[in-house]
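Proteins get letters first, then strands, A, B, ... in listed order; numbering begins at 1 in each. Remember, predicted model here, so these are calculated numbers, not experimental data.
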Protein chains: 2
Amino acid sequence: MENTLTHARENFIQGMSRISLFWGFPRAMGALFGAIYLSPEPISLDVLVEQSGVTKGAVSTNVRQLERLGMVYKHIRIGDRKNYYTAETDFWKIIKGILREREKQEFDTALKTVGLSLEMAQSSEISPEEAELAAFYQQRLGNIQRFFHKLDNLVAAVLTLDEFRLSAVQRLFGSEDTNS
Amino acid sequence: MENTLTHARENFIQGMSRISLFWGFPRAMGALFGAIYLSPEPISLDVLVEQSGVTKGAVSTNVRQLERLGMVYKHIRIGDRKNYYTAETDFWKIIKGILREREKQEFDTALKTVGLSLEMAQSSEISPEEAELAAFYQQRLGNIQRFFHKLDNLVAAVLTLDEFRLSAVQRLFGSEDTNS
DNA sequence: CTGATCGTTTAGAATGAACTAAACGTAGTG
DNA sequence: CACTACGTTTAGTTCATTCTAAACGATCAG
(Lines give C-alpha, C1' and ligand atoms only; values in the text may rest on other atoms or scores of the structure.)
Protein backbone atom coordinates (compact mmCIF):
# COMPACT_ATOMS: atom_id res chain seq x y z
CA MET A 1 0.00 0.00 0.00
CA GLU A 2 2.90 2.39 0.52
CA ASN A 3 3.89 1.60 -3.03
CA THR A 4 4.56 4.56 -5.29
CA LEU A 5 2.85 3.06 -8.30
CA THR A 6 -0.16 2.27 -6.20
CA HIS A 7 -0.30 5.88 -5.15
CA ALA A 8 -0.06 6.95 -8.76
CA ARG A 9 -2.95 4.68 -9.64
CA GLU A 10 -5.10 5.79 -6.74
CA ASN A 11 -4.53 9.41 -7.55
CA PHE A 12 -5.39 8.82 -11.16
CA ILE A 13 -8.53 6.90 -10.33
CA GLN A 14 -9.64 9.67 -8.06
CA GLY A 15 -9.00 12.23 -10.76
CA MET A 16 -11.00 10.25 -13.27
CA SER A 17 -13.88 10.17 -10.79
CA ARG A 18 -13.90 13.93 -10.73
CA ILE A 19 -13.84 14.16 -14.48
CA SER A 20 -16.61 11.62 -14.80
CA LEU A 21 -18.75 13.55 -12.39
CA PHE A 22 -18.06 16.74 -14.24
CA TRP A 23 -19.26 15.27 -17.51
CA GLY A 24 -22.48 14.15 -15.91
CA PHE A 25 -21.61 10.51 -15.33
CA PRO A 26 -21.59 8.66 -12.02
CA ARG A 27 -18.42 9.00 -10.05
CA ALA A 28 -17.94 5.24 -10.11
CA MET A 29 -17.78 5.16 -13.88
CA GLY A 30 -14.72 7.32 -13.98
CA ALA A 31 -13.05 5.39 -11.22
CA LEU A 32 -13.63 2.12 -13.00
CA PHE A 33 -12.38 3.38 -16.31
CA GLY A 34 -9.28 4.67 -14.55
CA ALA A 35 -8.60 1.31 -13.01
CA ILE A 36 -9.17 -0.55 -16.24
CA TYR A 37 -7.08 1.92 -18.19
CA LEU A 38 -4.13 1.44 -15.86
CA SER A 39 -4.24 -2.31 -15.92
CA PRO A 40 -1.57 -3.93 -18.07
CA GLU A 41 -3.71 -7.01 -18.52
CA PRO A 42 -7.45 -7.55 -18.82
CA ILE A 43 -8.79 -6.91 -15.35
CA SER A 44 -11.46 -8.90 -13.56
CA LEU A 45 -14.44 -7.68 -11.61
CA ASP A 46 -13.11 -8.61 -8.21
CA VAL A 47 -9.84 -6.79 -8.80
CA LEU A 48 -11.85 -3.80 -9.87
CA VAL A 49 -13.78 -3.92 -6.63
CA GLU A 50 -10.51 -3.90 -4.75
CA GLN A 51 -8.73 -1.21 -6.74
CA SER A 52 -11.59 1.22 -7.28
CA GLY A 53 -13.24 0.93 -3.88
CA VAL A 54 -16.62 0.48 -5.55
CA THR A 55 -18.85 -2.33 -4.42
CA LYS A 56 -19.54 -5.33 -6.57
CA GLY A 57 -23.04 -4.39 -7.58
CA ALA A 58 -22.01 -0.91 -8.65
CA VAL A 59 -19.09 -2.29 -10.60
CA SER A 60 -21.41 -4.61 -12.45
CA THR A 61 -23.76 -1.80 -13.34
CA ASN A 62 -21.24 0.86 -14.22
CA VAL A 63 -18.95 -1.38 -16.17
CA ARG A 64 -21.85 -2.21 -18.42
CA GLN A 65 -22.40 1.48 -19.00
CA LEU A 66 -18.78 1.83 -19.95
CA GLU A 67 -19.15 -1.04 -22.33
CA ARG A 68 -22.22 0.48 -23.89
CA LEU A 69 -20.33 3.71 -24.46
CA GLY A 70 -17.52 1.80 -26.10
CA MET A 71 -15.06 2.84 -23.43
CA VAL A 72 -14.12 -0.67 -22.34
CA TYR A 73 -14.31 -4.10 -23.82
CA LYS A 74 -15.30 -7.35 -22.21
CA HIS A 75 -13.16 -10.42 -22.68
CA ILE A 76 -14.31 -13.88 -21.80
CA ARG A 77 -11.83 -16.67 -21.37
CA ILE A 78 -12.85 -20.21 -22.05
CA GLY A 79 -13.01 -22.31 -18.92
CA ASP A 80 -13.10 -19.20 -16.77
CA ARG A 81 -16.31 -17.74 -15.54
CA LYS A 82 -14.83 -14.36 -14.72
CA ASN A 83 -15.19 -11.41 -17.04
CA TYR A 84 -12.14 -9.40 -17.94
CA TYR A 85 -12.08 -5.85 -19.20
CA THR A 86 -9.70 -3.74 -21.21
CA ALA A 87 -9.89 -0.05 -21.93
CA GLU A 88 -10.38 1.66 -25.23
CA THR A 89 -7.26 3.76 -25.65
CA ASP A 90 -8.44 5.90 -28.53
CA PHE A 91 -9.87 8.81 -26.60
CA TRP A 92 -11.04 10.62 -29.62
CA LYS A 93 -13.17 7.64 -30.48
CA ILE A 94 -14.59 7.73 -26.97
CA ILE A 95 -15.50 11.39 -27.22
CA LYS A 96 -17.21 10.80 -30.51
CA GLY A 97 -19.15 7.93 -29.02
CA ILE A 98 -20.37 10.02 -26.14
CA LEU A 99 -21.31 12.92 -28.34
CA ARG A 100 -23.25 10.66 -30.60
CA GLU A 101 -24.94 9.02 -27.65
CA ARG A 102 -26.26 12.02 -25.81
CA GLU A 103 -25.64 15.33 -27.48
CA LYS A 104 -27.23 14.28 -30.73
CA GLN A 105 -30.42 12.98 -29.26
CA GLU A 106 -30.84 15.94 -26.96
CA PHE A 107 -30.30 18.34 -29.81
CA ASP A 108 -33.12 16.79 -31.72
CA THR A 109 -35.64 17.22 -28.96
CA ALA A 110 -34.44 20.76 -28.41
CA LEU A 111 -34.96 21.59 -32.05
CA LYS A 112 -38.36 19.98 -32.01
CA THR A 113 -39.47 22.04 -29.03
CA VAL A 114 -38.32 25.31 -30.52
CA GLY A 115 -39.92 24.36 -33.80
CA LEU A 116 -43.21 23.75 -32.09
CA SER A 117 -43.16 27.11 -30.34
CA LEU A 118 -42.28 28.78 -33.59
CA GLU A 119 -45.24 27.17 -35.30
CA MET A 120 -47.50 28.42 -32.57
CA ALA A 121 -46.16 31.92 -32.95
CA GLN A 122 -46.96 31.72 -36.65
CA SER A 123 -50.43 30.42 -36.03
CA SER A 124 -53.28 32.10 -37.79
CA GLU A 125 -55.35 32.29 -34.63
CA ILE A 126 -53.46 35.29 -33.42
CA SER A 127 -55.49 38.39 -32.88
CA PRO A 128 -54.45 41.64 -34.55
CA GLU A 129 -53.49 43.35 -31.34
CA GLU A 130 -50.97 40.60 -30.71
CA ALA A 131 -49.46 40.80 -34.15
CA GLU A 132 -46.51 42.82 -32.96
CA LEU A 133 -45.65 40.46 -30.16
CA ALA A 134 -46.09 37.51 -32.49
CA ALA A 135 -43.62 39.02 -34.93
CA PHE A 136 -41.16 39.44 -32.10
CA TYR A 137 -41.57 35.84 -31.03
CA GLN A 138 -41.09 34.67 -34.57
CA GLN A 139 -37.88 36.55 -34.85
CA ARG A 140 -36.41 35.38 -31.56
CA LEU A 141 -37.50 31.79 -31.96
CA GLY A 142 -36.23 31.77 -35.51
CA ASN A 143 -32.86 33.01 -34.34
CA ILE A 144 -32.44 30.42 -31.66
CA GLN A 145 -33.58 27.71 -34.03
CA ARG A 146 -30.97 28.70 -36.56
CA PHE A 147 -28.34 28.73 -33.87
CA PHE A 148 -29.22 25.23 -32.72
CA HIS A 149 -29.00 24.08 -36.28
CA LYS A 150 -25.58 25.58 -36.60
CA LEU A 151 -24.37 24.01 -33.41
CA ASP A 152 -25.82 20.71 -34.43
CA ASN A 153 -23.97 20.87 -37.70
CA LEU A 154 -20.78 21.87 -35.97
CA VAL A 155 -20.95 18.88 -33.67
CA ALA A 156 -21.76 16.64 -36.60
CA ALA A 157 -18.77 18.06 -38.41
CA VAL A 158 -16.47 17.42 -35.50
CA LEU A 159 -17.75 13.87 -35.38
CA THR A 160 -16.58 13.24 -38.90
CA LEU A 161 -13.01 14.14 -38.01
CA ASP A 162 -10.62 11.26 -37.60
CA GLU A 163 -7.52 11.36 -35.45
CA PHE A 164 -5.41 12.54 -38.34
CA ARG A 165 -7.55 15.43 -39.48
CA LEU A 166 -8.07 16.42 -35.88
CA SER A 167 -4.38 17.12 -35.50
CA ALA A 168 -4.47 19.06 -38.72
CA VAL A 169 -7.29 21.24 -37.50
CA GLN A 170 -5.53 21.88 -34.25
CA ARG A 171 -2.34 22.85 -35.97
CA LEU A 172 -4.42 25.21 -38.02
CA PHE A 173 -5.43 27.20 -35.01
CA GLY A 174 -2.59 27.19 -32.75
CA SER A 175 -0.58 27.09 -29.63
CA GLU A 176 0.34 23.44 -29.72
CA ASP A 177 2.28 22.56 -26.59
CA THR A 178 3.06 25.99 -25.36
CA ASN A 179 3.65 24.79 -21.84
CA SER A 180 5.85 22.45 -19.83
CA MET B 1 -54.20 31.68 -20.57
CA GLU B 2 -55.74 30.01 -23.62
CA ASN B 3 -53.69 32.41 -25.67
CA THR B 4 -51.63 30.90 -28.46
CA LEU B 5 -48.61 33.09 -27.86
CA THR B 6 -48.74 32.25 -24.20
CA HIS B 7 -48.67 28.60 -25.10
CA ALA B 8 -45.73 29.19 -27.37
CA ARG B 9 -43.89 30.91 -24.57
CA GLU B 10 -44.69 28.26 -22.00
CA ASN B 11 -43.59 25.52 -24.32
CA PHE B 12 -40.36 27.33 -25.04
CA ILE B 13 -39.64 27.99 -21.38
CA GLN B 14 -40.20 24.35 -20.63
CA GLY B 15 -37.86 23.35 -23.42
CA MET B 16 -35.17 25.68 -22.16
CA SER B 17 -35.51 24.10 -18.74
CA ARG B 18 -34.71 20.73 -20.26
CA ILE B 19 -31.73 22.08 -22.10
CA SER B 20 -30.46 23.84 -19.02
CA LEU B 21 -30.72 20.66 -17.01
CA PHE B 22 -28.93 18.75 -19.73
CA TRP B 23 -25.99 21.12 -19.67
CA GLY B 24 -25.67 20.73 -15.93
CA PHE B 25 -27.43 23.89 -14.87
CA PRO B 26 -30.45 24.19 -12.60
CA ARG B 27 -33.75 23.79 -14.33
CA ALA B 28 -34.81 27.24 -13.18
CA MET B 29 -31.93 28.92 -14.98
CA GLY B 30 -33.13 27.73 -18.35
CA ALA B 31 -36.70 28.67 -17.60
CA LEU B 32 -35.68 32.16 -16.60
CA PHE B 33 -33.52 32.70 -19.61
CA GLY B 34 -36.37 31.51 -21.79
CA ALA B 35 -38.74 33.99 -20.22
CA ILE B 36 -36.28 36.86 -20.48
CA TYR B 37 -35.38 35.93 -24.04
CA LEU B 38 -39.02 36.06 -25.11
CA SER B 39 -39.74 39.38 -23.49
CA PRO B 40 -39.92 42.29 -25.92
CA GLU B 41 -39.03 44.72 -23.16
CA PRO B 42 -36.80 44.47 -20.13
CA ILE B 43 -38.63 42.18 -17.75
CA SER B 44 -38.95 42.62 -14.03
CA LEU B 45 -38.50 40.06 -11.29
CA ASP B 46 -42.16 39.78 -10.40
CA VAL B 47 -43.16 39.16 -13.99
CA LEU B 48 -40.49 36.49 -14.14
CA VAL B 49 -41.99 34.82 -11.09
CA GLU B 50 -45.33 34.79 -12.81
CA GLN B 51 -44.16 33.61 -16.23
CA SER B 52 -41.57 31.06 -15.23
CA GLY B 53 -43.35 29.53 -12.26
CA VAL B 54 -40.21 29.88 -10.17
CA THR B 55 -40.44 31.40 -6.73
CA LYS B 56 -39.02 34.78 -5.90
CA GLY B 57 -36.01 33.54 -4.01
CA ALA B 58 -35.00 31.17 -6.74
CA VAL B 59 -35.44 33.83 -9.37
CA SER B 60 -33.17 36.14 -7.44
CA THR B 61 -30.47 33.49 -7.16
CA ASN B 62 -30.66 32.08 -10.65
CA VAL B 63 -30.92 35.37 -12.41
CA ARG B 64 -27.69 36.38 -10.80
CA GLN B 65 -26.07 33.23 -12.15
CA LEU B 66 -27.34 34.13 -15.60
CA GLU B 67 -25.87 37.55 -15.18
CA ARG B 68 -22.54 36.16 -14.10
CA LEU B 69 -22.47 33.97 -17.19
CA GLY B 70 -23.21 36.95 -19.37
CA MET B 71 -26.48 35.50 -20.53
CA VAL B 72 -28.66 38.34 -19.30
CA TYR B 73 -28.16 41.97 -18.41
CA LYS B 74 -29.59 43.93 -15.55
CA HIS B 75 -31.13 47.31 -16.18
CA ILE B 76 -31.94 49.75 -13.46
CA ARG B 77 -34.32 52.61 -14.05
CA ILE B 78 -33.98 55.75 -12.07
CA GLY B 79 -36.82 56.29 -9.67
CA ASP B 80 -37.76 52.64 -9.88
CA ARG B 81 -36.53 50.10 -7.40
CA LYS B 82 -37.31 47.15 -9.61
CA ASN B 83 -34.65 45.39 -11.61
CA TYR B 84 -35.22 44.69 -15.26
CA TYR B 85 -33.47 42.10 -17.35
CA THR B 86 -32.77 41.59 -21.02
CA ALA B 87 -31.27 38.58 -22.73
CA GLU B 88 -27.99 38.33 -24.53
CA THR B 89 -28.96 37.34 -28.05
CA ASP B 90 -25.54 36.37 -29.32
CA PHE B 91 -25.60 32.68 -28.50
CA TRP B 92 -22.13 32.07 -29.70
CA LYS B 93 -20.90 34.58 -27.18
CA ILE B 94 -22.85 32.73 -24.50
CA ILE B 95 -21.33 29.41 -25.40
CA LYS B 96 -17.89 30.88 -25.27
CA GLY B 97 -18.59 32.37 -21.88
CA ILE B 98 -19.74 29.07 -20.50
CA LEU B 99 -16.81 27.19 -21.92
CA ARG B 100 -14.42 29.67 -20.46
CA GLU B 101 -16.17 29.54 -17.13
CA ARG B 102 -16.24 25.83 -16.47
CA GLU B 103 -14.51 23.73 -19.06
CA LYS B 104 -11.27 25.61 -18.83
CA GLN B 105 -10.95 25.45 -15.11
CA GLU B 106 -11.86 21.79 -14.94
CA PHE B 107 -9.37 20.97 -17.64
CA ASP B 108 -6.60 22.50 -15.64
CA THR B 109 -7.27 20.44 -12.56
CA ALA B 110 -7.58 17.33 -14.71
CA LEU B 111 -4.21 17.99 -16.27
CA LYS B 112 -2.68 18.62 -12.91
CA THR B 113 -3.93 15.33 -11.52
CA VAL B 114 -2.68 13.32 -14.45
CA GLY B 115 0.62 15.14 -14.30
CA LEU B 116 1.00 14.25 -10.66
CA SER B 117 0.35 10.58 -11.28
CA LEU B 118 2.78 10.63 -14.15
CA GLU B 119 5.46 12.09 -11.93
CA MET B 120 4.89 9.36 -9.40
CA ALA B 121 5.21 6.73 -12.08
CA GLN B 122 8.52 8.25 -13.05
CA SER B 123 9.73 8.36 -9.49
CA SER B 124 13.14 6.96 -8.72
CA GLU B 125 11.87 5.04 -5.74
CA ILE B 126 10.49 2.33 -7.91
CA SER B 127 11.92 -1.10 -7.34
CA PRO B 128 13.37 -3.04 -10.27
CA GLU B 129 10.68 -5.68 -10.25
CA GLU B 130 8.12 -2.93 -10.83
CA ALA B 131 10.01 -1.37 -13.68
CA GLU B 132 7.85 -2.97 -16.29
CA LEU B 133 4.60 -1.84 -14.73
CA ALA B 134 6.03 1.64 -14.22
CA ALA B 135 6.89 1.84 -17.90
CA PHE B 136 3.36 0.84 -18.74
CA TYR B 137 1.93 3.49 -16.44
CA GLN B 138 4.20 6.10 -17.95
CA GLN B 139 3.01 5.25 -21.39
CA ARG B 140 -0.68 5.26 -20.57
CA LEU B 141 -0.56 8.36 -18.42
CA GLY B 142 1.52 10.11 -21.02
CA ASN B 143 -1.05 9.29 -23.65
CA ILE B 144 -3.98 10.60 -21.70
CA GLN B 145 -2.06 13.70 -20.77
CA ARG B 146 -1.33 14.44 -24.39
CA PHE B 147 -4.95 13.90 -25.24
CA PHE B 148 -6.13 16.32 -22.60
CA HIS B 149 -3.69 18.85 -23.91
CA LYS B 150 -5.04 18.41 -27.38
CA LEU B 151 -8.60 18.77 -26.24
CA ASP B 152 -7.72 21.79 -24.21
CA ASN B 153 -6.13 23.39 -27.22
CA LEU B 154 -9.09 22.52 -29.37
CA VAL B 155 -11.48 24.21 -26.97
CA ALA B 156 -9.20 27.19 -26.74
CA ALA B 157 -9.13 27.34 -30.52
CA VAL B 158 -12.90 27.25 -30.74
CA LEU B 159 -13.03 30.07 -28.23
CA THR B 160 -11.03 32.30 -30.52
CA LEU B 161 -13.57 31.96 -33.30
CA ASP B 162 -15.87 34.88 -33.85
CA GLU B 163 -19.30 34.62 -35.39
CA PHE B 164 -17.93 35.22 -38.84
CA ARG B 165 -15.17 32.64 -38.83
CA LEU B 166 -17.51 30.20 -37.22
CA SER B 167 -19.73 30.26 -40.26
CA ALA B 168 -16.69 29.81 -42.42
CA VAL B 169 -15.58 26.75 -40.51
CA GLN B 170 -19.02 25.27 -40.71
CA ARG B 171 -19.22 25.80 -44.42
CA LEU B 172 -15.87 24.11 -44.61
CA PHE B 173 -17.23 20.88 -43.27
CA GLY B 174 -20.62 20.65 -44.47
CA SER B 175 -24.28 20.06 -44.71
CA GLU B 176 -25.42 23.56 -43.93
CA ASP B 177 -29.17 23.60 -43.73
CA THR B 178 -29.89 20.26 -45.25
CA ASN B 179 -33.30 20.08 -43.69
CA SER B 180 -36.58 21.88 -43.49
C1' DC C 1 -26.60 -33.69 -6.84
C1' DT C 2 -24.14 -30.53 -3.90
C1' DG C 3 -21.30 -26.83 -3.12
C1' DA C 4 -18.74 -22.97 -4.47
C1' DT C 5 -17.95 -19.04 -7.31
C1' DC C 6 -19.29 -15.94 -10.37
C1' DG C 7 -22.28 -11.69 -12.18
C1' DT C 8 -26.80 -9.45 -11.74
C1' DT C 9 -30.66 -7.48 -9.65
C1' DT C 10 -33.13 -5.05 -6.15
C1' DA C 11 -34.65 -2.73 -2.04
C1' DG C 12 -33.25 0.62 1.02
C1' DA C 13 -29.96 4.29 2.70
C1' DA C 14 -27.34 8.09 1.88
C1' DT C 15 -25.95 11.93 -0.48
C1' DG C 16 -26.33 16.26 -2.61
C1' DA C 17 -28.61 19.71 -5.25
C1' DA C 18 -32.44 22.73 -5.90
C1' DC C 19 -36.67 24.61 -4.60
C1' DT C 20 -40.03 26.83 -1.32
C1' DA C 21 -41.53 29.83 2.04
C1' DA C 22 -40.66 33.07 5.21
C1' DA C 23 -37.86 36.29 7.53
C1' DC C 24 -34.81 40.00 6.71
C1' DG C 25 -32.67 44.32 5.24
C1' DT C 26 -33.00 48.33 2.59
C1' DA C 27 -34.47 52.12 -0.01
C1' DG C 28 -37.68 55.11 -1.43
C1' DT C 29 -42.70 57.61 -0.19
C1' DG C 30 -46.06 60.06 1.95
C1' DC D 1 -40.72 58.88 10.80
C1' DA D 2 -43.60 54.96 9.75
C1' DC D 3 -44.99 52.30 5.67
C1' DT D 4 -44.66 50.01 1.64
C1' DA D 5 -42.40 47.66 -2.12
C1' DC D 6 -38.56 45.68 -3.47
C1' DG D 7 -34.48 42.07 -3.74
C1' DT D 8 -31.73 38.89 -0.90
C1' DT D 9 -30.70 35.41 2.32
C1' DT D 10 -31.54 31.32 4.91
C1' DA D 11 -33.46 27.28 7.06
C1' DG D 12 -35.82 23.37 6.00
C1' DT D 13 -37.93 20.21 2.68
C1' DT D 14 -38.23 17.75 -1.38
C1' DC D 15 -36.46 15.29 -4.98
C1' DA D 16 -33.56 12.53 -7.88
C1' DT D 17 -29.48 9.98 -8.30
C1' DT D 18 -26.09 6.83 -6.71
C1' DC D 19 -24.26 3.73 -3.65
C1' DT D 20 -24.47 -0.28 -0.56
C1' DA D 21 -25.62 -4.71 1.05
C1' DA D 22 -27.84 -8.69 0.48
C1' DA D 23 -30.48 -11.95 -1.99
C1' DC D 24 -30.71 -14.27 -6.21
C1' DG D 25 -29.76 -17.15 -10.28
C1' DA D 26 -26.74 -19.51 -13.01
C1' DT D 27 -22.68 -22.16 -14.16
C1' DC D 28 -19.05 -25.23 -13.37
C1' DA D 29 -16.46 -28.83 -10.37
C1' DG D 30 -16.30 -32.67 -7.81
Asks: Which listed nucleotide (dG7(C), dA21(C), dT20(D)) is nearest to the side chain of A58(A)?
Replies: dT20(D)
Asks: From NZ of K56(A) over to C1' of dA11(C), roughly how many Å is that when rounded to an integer?
Replies: 17 Å
Asks: Counting heavy atoms from C-beta on, name the nucleotide in dT8(C), dT20(D), dG7(D) closest to the side chain of S60(A).
Replies: dT8(C)
Asks: More 5' along DNA chain C: T61(A) or G79(B), using each one's nearest nucleotide?
Replies: T61(A)
Asks: Just the rounded figure in Å: distance from P of dA16(D) to CG of L21(B).
Replies: 11 Å
Asks: Given atom CG of N62(A) and atom P of dG7(C), what is their separation to the nearest angstrom?
Replies: 15 Å
Asks: More than 12 heavy atoms of other residues, nucleotides or ligands under 6.0 Å from CD of Q122(A): yes or no?
Replies: yes
Asks: Answer with yes or no whether the hydrophobic clustering places Y84(A) together with V72(A); edges join I, L, V, M, F, W, Y residues whose side-chain heavy atoms lie under 4.5 Å apart.
Replies: no
Asks: Consider the side chain of T55(B), meaning its heavy atoms from C-beta on, and name the nucleotide among dT20(D), dG7(D), dA21(C) that approaches it most closely.
Replies: dA21(C)
Asks: Hey, does the side chain of R64(B) come within less than 4.0 Å of dT9(D)'s phosphate (OP1/OP2), counting only N and O?
Replies: yes
Asks: Taking atom P of dA27(C) as reference, at what distance in whole Å does atom CD1 of I78(B) sit?
Replies: 18 Å
Asks: Which residue, R81(A) or G57(A), contacts DNA chain D at a nucleotide closer to its 5' end, judged by nearest heavy atom?
Replies: G57(A)
Asks: Give the rounded distance in Å between these two atoms: CG of L66(B) and P of dG7(D).
Replies: 15 Å
Asks: Please tell me if R77(A) has a side-chain N or O lying less than 4.0 Å from either OP1 or OP2 of dC28(D).
Replies: no
Asks: Nearest to the side chain of L45(B), heavy atoms from C-beta on, is which of dT8(C), dC19(D), dT8(D)?
Replies: dT8(D)
Asks: Tell me yes or no: between the side chains of R140(A) and N143(A), is some donor less than 3.5 Å from an acceptor?
Replies: no
Asks: Within 45° of the six-membered ring axis of F25(B) and under 6.0 Å from that ring's centre, is NZ or CZ of R102(B) located there?
Replies: yes
Asks: Please compare Y85(B) and P26(A) by the position of their nearest nucleotide in DNA chain D and report the one closer to 5'.
Replies: Y85(B)
Asks: Round to a whole Å and report the spacing from CG of L32(B) to C1' of dC19(C).
Replies: 12 Å
Asks: Please work out if N83(B) contacts a base, only the sugar-phosphate, or nothing of the nucleic acid, heavy-atom cut-off 4.0 Å.
Replies: sugar-phosphate
Asks: Can you check the K74(B) NZ to dG7(D) P distance for me, whole Å?
Replies: 9 Å
Asks: Would you call K56(B) and D46(B) a salt bridge, taking side-chain N to carboxylate O under 4.0 Å as the test?
Replies: no
Asks: Output the rounded distance in Å from CZ (R18(A)) to P (dG16(C)).
Replies: 14 Å
Asks: I'd like to know if K82(B) reaches the base of dG7(D) with its side chain such that a donor and an acceptor end up less than 3.5 angstrom apart.
Replies: no
